[in-house]
Amino acid sequence: MDIRVTNISSLEWTGDAIALGFFEGTEDLTGDLTGDLAQLDTKLAGTIAELIAEVEFKGKAGSTAVTRVGSSTPIRKVILVGLGKADSDKLDSYRTAGAAIARIGKRQKCKTLAIHLPWGDRNPALVTQAITEGILLALHQDHRFKSDSEDKPLTLTTIDLLGLAGQEAAVEFAQKIISGVTFAKELVAAPANAVTPVTMAEAAQNLASEYGLALEILDRADCEKLGMGAFLGVSQASAIPPKFVHLTYKPEGTPRRKLAIVGKGVTFDSGGLNIKGAGSGIETMKMDMGGAAATFGAAKAIAQIKPDVEVHFVSAICENMISSTAMHPGDILTASNGKTIEVNNTDAEGRLTLADALVFTEKLGVEAIVDLATLTGACVVALGNDIGGMWSSTDTLATEITKASAESGEKFWRMPLEEKYFDGLKSDIADMKNAGPRGGGAITGAMFLKQFVKDTPWAHLDIAGPVWADKENGWNNSGATGYPVRTLVHWVLG
Ligand code: BES
Ligand code: MN
Ligand code: ZN
């Protein structure tokens, strides 16, 4: 499918369907259609005005309506799409509109589709990018695990963005970024018998060879040499070997910055001997490598976008399983920075894997580290499924992430690194425990991670909620969301 930018006007365009965008409260909706819209309406025998009146279309963000015009008309269907309030400077409504239009175009079996949205005084490149992102996110379909796919291949062959001639670069940028998001989504959506530490390492190898990234994979013995007792403790019950993956993107010339992204990569979280019980969502725990998936997705996007920033992508990948070689609750592990951890709960495993990943990453001498993890159910309780938690050791990094998240539309809320809450992790026998009290569980998780970063500015993103969508929501289809690949890319680009 081609997404084209063109200055063909809505009056000249011919094809299966045209989607028209409206701001809430615009004169076109409250009074009579004006300008080109009025002319187009005349050409289409009054269909647009009729549809607006019939469905009482108000232009609310994400709202849509569709009708058939006729068979001999140059345009066969009209789609209305709401853009919400005209004064909002956010681009989210364009991403949502792109997604909504694409879904209708697909459902209506259109081959050719035009999109004509007003953008007011917004930057047309950013508008183009947001619409394209919405389209590509909504049209992604995943039939890898169906023997007989019900969904026919996409009928859509071309989508023309009217009035946006010259914005080819913005379309290409969106395509690169969404290829990374889609990569992450497919890793998260695949079950734990398909995506294992070994296949994740293979995926990293493929990325490295296809996009020219440097790759270092540490096997169990290498991790042992580095003293990664916390990571290896989690992996030790699994029949599948752990893989520690380090991808590097290096720009040509001197990098403007040197950054690192670290992702939790637990390909299945059974809970270990503190096994997850009924109602715990154990059957969804294939998504516990969402942090690593987003790390790889960001690597794929960044390797194509080629910014002047060096970026390290690190993930300690393993399964949290049960066997006679499993960690016992109460075991004491020694992490690669020498700190000892009493494992009072084997289900708080993500932080154990991240501990060694963070120590490794800080030794790379980067300017800032961001980790992503489906770390706690408590974060889902606190912020729900639409908002991730963000903790940061410096205000500067928190501000950078907040800006990137506003650009991507992936929401994060800053949470406190409350020193006192480390008290909940005090151990009588070791330097710390890995699990604290129920209350403030997402914060204690962050406080645990903090012990493994000495002085590099660091942020922790808990994505346990938004990594997965139970139902279609804005530009996200149901299932894996690829969160927060787009935020990471914006952060790296600055
Ligand atoms: N992977 C889970 C967190 C999780 C829960 C992600 C729900 C997505 C949805 C994590 O390893 C875990 O089990 N955390 C425990 C921590 C507790 C034992 C301190 C939790 O949240 O209950
Ligand atoms: Mn767990
Ligand atoms: Zn987990």
Side-chain angles (χ1 to χ4, degrees), residues 133 137 140 142 177-178 180-192 194-195 200 203 261-269 271 276 280-301 313 315-317 319-320 347-351 353-354 357 370-391 401 404-405 408-413 415 441-442 445-446 449 459-491:
E133 286 181 5
L137 287 169
H140 170 242
D142 186 354
I177 223 174
I178 301 304
V181 176
T182 304
F183 191 74
K185 280 197 203 182
E186 292 188 352
L187 284 171
V188 173
V195 166
M200 286 282 282
I261 296 169
V262 178
K264 170 176 172 181
V266 175
T267 59
F268 186 72
D269 181 11
K276 289 184 181 291
S280 63
I282 188 170
E283 71 286 355
T284 67
M285 282 302 147
K286 65 176 183 184
M287 51 75 166
D288 216 16
M289 33 58 79
T295 302
F296 287 11
K300 178 164 180 173
F313 306 91
S315 191
I317 306 174
E319 288 189 312
N320 187 22
D347 198 10
E349 84 298 339
R351 58 197 74 181
T353 65
L354 285 165
V370 173
D371 81 65
L372 341 156
T374 48
L375 202 70
T376 67
C379 198
V380 190
V381 173
L383 297 172
N385 284 104
D386 291 353
I387 307 171
M390 186 243 295
W391 287 258
I401 304 279
S405 128
S408 72
E410 296 171 328
K411 293 185 175 120
F412 282 99
W413 192 257
M415 305 275 277
L449 298 179
H460 159 58
L461 306 179
D462 194 329
I463 57 168
V467 73
W468 193 266
D470 284 333
K471 44 183 197 325
E472 181 185 299
N473 177 7
W475 55 80
N476 285 324
N477 292 340
S478 65
T481 58
Y483 206 92
V485 169
R486 292 183 302 106
T487 305
L488 294 170
V489 173
H490 285 293
W491 173 59

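Trp475 and Gly409 make their closest contact through CZ2-O, 3.5 Å (heavy atoms, listed as atom of the first residue, atom of the second, distance). Residues Asn320 and Gly271 share a closest heavy-atom pair of ND2-C, 3.4 Å. The two residues Met200 and Phe296 make their nearest non-hydrogen contact at O-CE2, 3.4 Å. The two residues Val195 and Leu187 come nearest to each other via the heavy atoms CG2-O, 3.7 Å. The shortest non-hydrogen separation linking Arg486 to Ser408 is NH1-O, 2.7 Å. Summarising the geometry of Ile177 relative to Val485, their closest heavy-atom pair is O-CG1, 4.4 Å, with the distance given to 0.1 Å.
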If you apply the rule salt bridge (charged side-chain N to carboxylate O under 4.0 Å, His left out), what do you find for Lys264 with Asp288, and how did you get there?
CA-CA 7 Å; Lys264 170 176 172 181; Asp288 216 16; 3.1 Å; yes
Run Thr295 and Val262 through side chain to side chain contact (heavy atoms under 4.5 Å, CB included) and show every step you take.
CA-CA 7 Å; Thr295 302; Val262 178; over 6 Å; no
**Asked** Does the side chain to side chain contact (heavy atoms under 4.5 Å, CB included) test come out yes or no for Ile282 and Phe268, once each step is laid out?
**Response** CA-CA 9 Å; Ile282 188 170; Phe268 186 72; 3.9 Å; yes
* Any chance you could lay out the side chain to side chain contact (heavy atoms under 4.5 Å, CB included) test for Asp462 and Trp391, step after step, and finish with the verdict? => CA-CA 8 Å; Asp462 194 329; Trp391 287 258; 3.6 Å; yes
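Taking 4.5 Å as the limit, every side-chain heavy atom of Thr284 sits out of range of all side-chain heavy atoms of Trp468. A heavy-atom distance below 4.5 Å is found between the side chains of Phe412 and Ile463. Side-chain contact between Pro484 and Leu372: present, with at least one pair of heavy atoms (C-beta onward) separated by less than 4.5 Å. Side-chain contact between Leu137 and Lys185: present, with at least one pair of heavy atoms (C-beta onward) separated by less than 4.5 Å. With a 4.5 Å cut-off on side-chain heavy atoms, Leu383 and Met415 count as touching.
Defined by atom type and a distance below 3.5 Å, a donor-acceptor pair is missing between the side-chain atoms of Ser405 and Glu410. A side-chain N or O of Asn473 and one of Asp386 form a donor-acceptor pair less than 3.5 Å apart. Using modelled atom types and a 3.5 Å distance limit, the side chains of Asn476 and Thr481 yield no donor-acceptor pair.
If you take CG on Asp269 and CE on Met287, they are separated by 9.0 Å, rounding to the nearest 0.5 Å. Residue His460 holds its NE2 atom at 12.0 Å from CD1 of Ile401, rounded to the nearest 0.5 Å. Here the CD atom belonging to Glu349 is positioned 8.0 Å from the CG atom belonging to Leu375, to the nearest 0.5 angstrom. Met289 CE to Glu319 CD: the interatomic distance, rounded to the nearest 0.5 Å, is 12.0 Å. Going from atom CD1 of Ile178 over to atom CD of Glu133 covers 4.5 Å, rounded to the nearest 0.5 Å. Here the straight-line distance linking atom CG of Leu488 with atom CG of Leu461 works out to 7.0 Å at 0.5 Å rounding.
Distance alone, capped at 3.5 Å, is enough to place a donor-acceptor pair between the Ser315 side chain and the Gly263 backbone. In this structure a side-chain-to-backbone donor-acceptor pair under 3.5 Å is missing from Arg351 to Leu449. Between the side chain of Lys286 and the backbone N or O of Ala189, at least one donor-acceptor pair lies under 3.5 Å.
When the shell of 6.0 Å around NZ of Lys411 is examined, it contains 12 or fewer heavy atoms from other residues, nucleotides or ligands.
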